[in-house]
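Structure first, then comments.
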Amino acid sequence: MAKSYGYGIIQDMNTRIFKTSENEIKEAARLIANGGLVAFPTETVYGLGADAFDPEAARKAYAAKGRPSDNPLIVHISKFEDLERATVIFDEARGGDEEAVEVCGNVRKLAAAFWPGPLTMVLPKRDEVPKETTGGLSTVALRMPLSEPTLKLIEYSGTLLSGPSANLSGHPSPTRWQHVRSDLDGRIDGIIAGDPCYGGIESTVLDLKTMTILRPGLITPEMIAAVTGREVAYDKALFGKPSEDPDYHPMAPGQKYKHYAPKAEMHIVPEEKLMARVKEEEAKGRKVGYISKPEAGSFFAKLREFDEDGVDIIFAAALPEGDSLNFSIMNRVLKSAGYNIEE
Ligand code: TXA
Ligand code: MG
């Protein structure tokens, strides 16, 4: 029976599961070239791939995820030269614009150091990239993911791939192809059944003009500064709680949405109080899930396991402050918990 999920989408498509053989990747690439949606593996999380130059494909991707369409998408490339198809920064540099020359220098250094890998670069967009892909912004976010099957998928599709995380809006990000199937079966054309994602949290998003990190990830400010020799800042919005801070105007608009939430209520507690709180809730007869040391590689998968086990309440110990990797992980933990912090 077809079920309606709002946003005009009907859950009655046949979602094909593709293996990573040459032939199956080619078939999946044909679906993308024909305007379809195919989920793909990366080193961070699974992405929901669509032709980045096709406004209709972007609309379909939003509908499949069940999310309003004002959030800009990351565009995935398979080789450095693909950048020219999406950004005008190299034209500007060739035209002698000094700022653009410097930005291009940093793009080259960062790509050499971290691509393929979990760094996304925000650059001025070409007119050909539709506003449906960039959420109406004049910039485009670009990254080369570290996954052989996905690099082939992009190349064989003949286009570039927009790819938000391949989960239903609000659910934890998918780090295994089975997570994608459990959220999007019947709503997309296919899933490439690749490896589990060992990175586990989404890529670092860096604005190249201002050298500002808009979303923290596994590539830290220190790593970017070491490669470029430039100071790197965090977007101020990363420090506030979204709903309560009247000055909350994130440069990365995706940061304002409710994210990654498990079904159970989730609390962040100081590490030394964790087990006492677990016992206290268990004594009330509640089924408790807990994470004593949140790790990037397993965090989202743990939340999904807690969902499946039907726990009533989840505790996560806060990681120590003052460490960039901990900051990236806590960014996801705080969002998943809806900023529910126990002192
Ligand atoms: O690891 C990842 O980046 C995963 C995998 C699948 O590659 N992809 C991912 O894509 O997380 P998406 O589209 O969900 O991430 C979009 C993030 C949001 O925070 C969005 O606001 C920001 O990137 N973003 C995209 N384009 C932007 C732009 N032009 N300016 C500022 N932020 C942008
Ligand atoms: Mg997401």
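Indexing begins at 1, ligand by ligand and atom by atom, following the structure's order. Any value given below was found using the heavy atoms of this structure, including those in side chains, with hydrogens, waters and symmetry copies removed.
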| field | Nearest neighbour of atom 24 (N) of ligand 1 from the list P41, P72, S162, on a heavy-atom basis | value | P72

| request: Would you confirm whether T87, through its side chain, and P124, through its main-chain N or O, come within 3.5 Å as a donor-acceptor pair? | output: yes

| Is it true that R59 and E56 have a side-chain N and a carboxylate O under 4.0 angstrom from each other? | yes

| request: Return yes when atom NZ of K79 has more than 12 non-hydrogen atoms of other residues, nucleotides or ligands closer than 6.0 Å, and no otherwise. | output: yes

| field | Nearest option to atom 12 (P) of ligand 1, as decided by whichever heavy atom of P164, G217, G200 sits closest | value | P164

| Against heavy atoms of S165, which atoms of ligand 1 measure under 4.0 Å? | 14 (O)

| query | For V45, is at least one N or O under 3.5 Å away from an N or O on ligand 1? | reply | no

| remark: The atoms of ligand 1 lying under 4.0 Å from a heavy atom of V205, numbered in the order shown, are 23 (O)

| Y46 N/O under 3.5 Å from ligand 1 N/O | no

| Atoms of ligand 1 less than 4.0 Å from T139 heavy atoms? | 28 (C), 29 (N), 30 (N)

| query | Does any N or O in the side chain of K287 come within less than 3.5 Å of the main-chain N or O of D309, such that one atom is a donor and the other an acceptor? | reply | yes

| If you measure from each non-hydrogen atom of D207 to ligand 1, which part falls under 4.0 Å: side chain, backbone, both or neither? | neither

| query | Any chance the rings of F300 and Y260 have centres within less than 6.0 Å? | reply | yes

| Is ligand 1 under 4.0 Å from a heavy atom in the side chain of R143, in the backbone, in both, or in neither? | side chain

| message | Let me confirm one number: the CG-CG distance from L161 to L48, rounded to the nearest 0.5 Å. | response | 9.5 Å

| request: Assess L137 for proximity to ligand 1: is some non-hydrogen atom of it under 4.0 Å away? | output: yes

| query | Salt bridge check: are E43 and R143 linked by an N-O gap of less than 4.0 Å? | reply | yes

| Sub-4.0 Å atoms of ligand 1 with respect to non-hydrogen atoms of S203 | 1 (O), 2 (C), 3 (O)

| field | Six-ring centre of Y156, K26 cation under 6.0 angstrom, axis tolerance 45° | value | yes

| note | For G47, the ligand 1 atoms with a heavy-atom partner under 4.0 Å come out as 6 (C)

| request: Check the surroundings of atom CD in E321: do more than 12 heavy atoms from other residues, nucleotides or ligands lie under 6.0 Å from it? | output: no

| So, S165 versus E202: side-chain donor-acceptor pair below 3.5 Å or not? | no

| task | Enumerate the atoms of ligand 1 whose separation from the nearest heavy atom of A141 is less than 4.0 angstrom. | result | 25 (C), 26 (N), 27 (C)

| note | With heavy atoms and a 4.0 Å threshold, my read on which part of I74 contacts ligand 1 is both

| message | Counting only heavy atoms closer than 4.0 Å, does ligand 1 sit against the backbone of T134, its side chain, both, or neither? | response | neither

| field | F239 ring center within less than 6.0 Å of F327 ring center | value | yes

| message | Assess, by modelled atom type and distance only, whether the side chains of S157 and R30 contain a donor and an acceptor separated by less than 3.5 Å. | response | no

| query | Numbering the atoms of ligand 1 from 1, which are under 4.0 Å from a heavy atom of L214? | reply | 31 (C), 32 (N)

| Would P145 count as a contact of ligand 1 if the rule is a heavy atom under 4.0 Å away? | no

| message | Within the structure, is a non-hydrogen atom of P118 found at a distance of less than 4.0 Å from ligand 1? | response | no

| Contact check: T44 vs ligand 1, nitrogen or oxygen atoms, below 3.5 angstrom | yes

| Nearest to atom 15 (O) of ligand 1 by heavy atom, R215, H76, E202: which? | R215

